[in-house]
Trainee: 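Below is one structure. I have some questions about it.
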Protein chains: 2
Amino acid sequence: MSGPTRAPTLADVAASAGVSLSTASLAFSGNKPVSAATRERVLAAATELGYSGPNPLARNLRQGRSGVVGIAVGQLSTAFRDPAALAMLDAVSEVLGAAGLGLLLMSDDDEHARLPLDAVIYDICGRETWAAYDDLVARDVPLVVVEGPEWPGSTYIDIEHRAGSAALAEHLHALGHRDVAAVTLVASHPQREREAGLRDVFPDARVLGACESDVAAAQSLVARHLGDRGPVSAIVCQSDVQAAGVVLEARRRGIRVPEDLSVAGFDGVATPWLDLELTTVVQPLADKGRATAEAVLGRIAGAGVTDVVLPVELRVGESTGPA
Amino acid sequence: MSGPTRAPTLADVAASAGVSLSTASLAFSGNKPVSAATRERVLAAATELGYSGPNPLARNLRQGRSGVVGIAVGQLSTAFRDPAALAMLDAVSEVLGAAGLGLLLMSDDDEHARLPLDAVIYDICGRETWAAYDDLVARDVPLVVVEGPEWPGSTYIDIEHRAGSAALAEHLHALGHRDVAAVTLVASHPQREREAGLRDVFPDARVLGACESDVAAAQSLVARHLGDRGPVSAIVCQSDVQAAGVVLEARRRGIRVPEDLSVAGFDGVATPWLDLELTTVVQPLADKGRATAEAVLGRIAGAGVTDVVLPVELRVGESTGPA
DNA sequence: GGCTAGCATCGAATCGATTCGATCGAAACG
DNA sequence: CGTTTCGATCGAATCGATTCGATGCTAGCC
């Protein structure tokens, strides 16, 4: 009938239903009881006017919350290439989704200061600095840091990097290995912890080099550096994906795993393209994600900071054997 | 000095700087010129009061935009297990991020009606129905559908499924193959197009079965059904990840690729854990992501619907050979 | 019958900015 | 010198809801 008339608001609905704005609001939100008849009338008026529910922007302003939680993951392209990151993300999303919160991806080059975030999850992915951090602190946005360095005021979720790494090292030591090398991730807090665990058993373990958690990256790293520093009977990696790359590259060069070289991973994710089961340190990825999400919910609800450290478990597979 | 006083607002800053609220606003937004001296004064007052910039929730209400774009991907855990999805996501995020927009993950079980979204990308991932769709339409949220069925009012981004699939089929036909089977994705619009392309060349090609784009899923599918329906000299898959699973499973059973069986994929992503290059249909994943993001920007800016169909290209690798 | 409870509803304040139109001075111009 | 123009600033309206406190009305109780 009419031209491009503006979208109806709750006030229009209230007027059309013959009730006050506040009653109409209550009919939608259910925050206080409204008689069934009134609710009917309001909803009918809404349908007739083509009103599709309260404007979330307005509600957000009034309530001071946006319902959106950011998750900083460094570079998107590399962060999710590892199934371990996905497993955790999945659990985070599940818990937050059930609470009605959305999850917003933040890659660290972007300018996110203008977005309204109720909290931010900082999943370090190999970086210790992050441009937006100070800004978030200034804006009083609750922060939950996963496997990062502890920061004052932020909740801290972690796993037993050092103990897990040491348990794996002891396993190798018991097998008779003495010349052990590591493929590491780029410098970061968890990386240092893991190296410390390795050195608890092998004080002068060598570092072959650092690379991302990526099959191809590990392959080319090993290809470049395997012969560099004398004989090595075992290589420990910082992810199963890296370990898979090392196994594949070793085989390509005629080195048998585990007969000639033992290889170990970290995480405990499935590697279906590898025909042997990796020896690895299994971390509870889903638990980590859930703990992270629950920490977020707690912080949003105003609870204090409660850190979590989750246990890991050595799983001996077929990729390690006697020296 | 004082107790838990409420966070300062722009009005406080304006008062402290001795300017009007509107001038203070302009000093931050720069939407109209403000003298340098005034801006200095406002910013100084802000610093002193610990004001961390205009509240995004308030700005959002006023401007009617949230700066957040949703992306629906079905199940998170399965959607991003394929590097093709990640490559596209990466490009989307890059373009949207540059425009100051955030990307919010929507898994299809969640209730996202309460979130303020400026637009939604619908990356089908094998599903044709999606609970929130009607709601989004009712709320007039611009929709961009990637590889989905066309829906009135939504922008449509696609690739040449049928032509690409047919080109691959012709390649196999030229190699002498006559008994060809397909591993498919679950029923969906692109899946049907691709089957049509296959049947343009092999009218009675068989479907071994459908599974997700996942190495392990393809392996077990092939393990169950390879012998089911007589001899097959070539298997076409709907993703390189699936194809990798088929290659690995074939080898496990002593079937050589490509000597005994030709295997083809789709997408053109890297499969570093496979020691042979797959024959595949390469799609421009980054272009697809960019086109999607640009469509979103256009729709948010109020532009009309402009669909995009991107070309694909056959890449002959080492996984296909003479029948 | 008078008094108290309790439920449904309403009016008004509020969330924190952006932005339109008006005003005021000073510079530019003839 | 009078007038026009333009830039800087201000006041007030606005975005669209939620929510607090007050009011009216009905029912229950002694």
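Sequence lines set the chain letters: A, B, ... in the order given, protein chains first and strands last, and positions in each chain run from 1.
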Trainee: Do the side chains of A:Asp307 and A:Thr155 get nearer than 4.5 Å, heavy atoms only?
Mentor: yes
Trainee: Would you mind reading off the distance between B:Arg6 atom CZ and C:dC15 atom P, rounded to a whole angstrom?
Mentor: 7 Å
Trainee: Angle between the two end axes of the helix from C:dG1-D:dC30 to C:dG30-D:dC1, five base pairs per end, rounded to 10 degrees?
Mentor: 30°
Trainee: Find the distance B:Leu21:CG to D:dA12:C1' and express it as a whole number of Å.
Mentor: 10 Å
Trainee: Rounded to whole angstroms, how far apart are CG on A:Asn55 and P on D:dC15?
Mentor: 11 Å
Trainee: If you compare every side-chain N and O of B:Gln63 against the phosphate oxygens of D:dT14 (OP1, OP2), does one of them come in below 4.0 Å?
Mentor: no
Trainee: Ring-plane angle category for A:Tyr51 and A:Phe28, please: parallel below 30°, perpendicular beyond 60°, tilted otherwise.
Mentor: perpendicular
Trainee: Touch check for A:Thr9, heavy atoms < 4.0 angstrom, all strands: base, sugar-phosphate only, or nothing?
Mentor: sugar-phosphate
Trainee: Using whole Å, what does the distance between atom P of nucleotide C:dG16 and atom CG of A:Leu61 come to?
Mentor: 7 Å
Trainee: Which residues in residues 26-52 of chain A have at least one heavy atom lying under 4.0 Å from any atom of DNA chain D?
Mentor: A:Asn31, A:Lys32, A:Tyr51
Trainee: Quick one: the side chain of B:Ser20 and the base of D:dG11, do they pair up donor-acceptor inside 3.5 Å?
Mentor: no
Trainee: Quick one: are A:Arg6 and A:Asp12 in side-chain contact, heavy atoms under 4.5 Å?
Mentor: yes
Trainee: Nearest-Å distance, CG (B:Leu10) to P (C:dT14)?
Mentor: 18 Å
Trainee: Just how far, in rounded Å, is C1' of C:dA17 from CZ of B:Arg65?
Mentor: 14 Å
Trainee: Do any N or O atoms from the side chain of A:Thr23 and from the backbone of A:Val19 form a donor-acceptor pair under 3.5 angstrom?
Mentor: no
Trainee: Rounded to the nearest Å, what distance is computed from the CG atom of residue B:Asp140 to the C1' atom of nucleotide D:dG16?
Mentor: 17 Å
Trainee: Quick one: does A:Asp214's side chain get under 4.5 Å of A:Thr78's, heavy atoms only?
Mentor: no
Trainee: In whole Å, what is the span from the CZ atom of A:Arg62 to the C1' atom of D:dG16?
Mentor: 12 Å
Trainee: Could you tell me if A:Asp118 and A:Ser66 have a donor-acceptor pair between their side chains, going purely by distance under 3.5 Å?
Mentor: yes
Trainee: Can you tell me if the side-chain N/O atoms of B:Ser22 get under 4.0 Å from OP1 or OP2 in D:dC10?
Mentor: no
Trainee: Side chains of A:Ser35 and A:Thr38: is there a donor and an acceptor less than 3.5 Å apart?
Mentor: yes
Trainee: Strictly below 4.0 Å: does A:Ser25 bring a side-chain N or O up to OP1 or OP2 of D:dT18?
Mentor: yes
Trainee: Can you find a heavy atom in the side chain of B:Val146 that is under 4.5 Å from one in the side chain of B:Asp158?
Mentor: no
Trainee: Under a 3.5 Å threshold, yes or no: a donor from one side chain and an acceptor from the other, between A:His161 and A:Glu147?
Mentor: yes
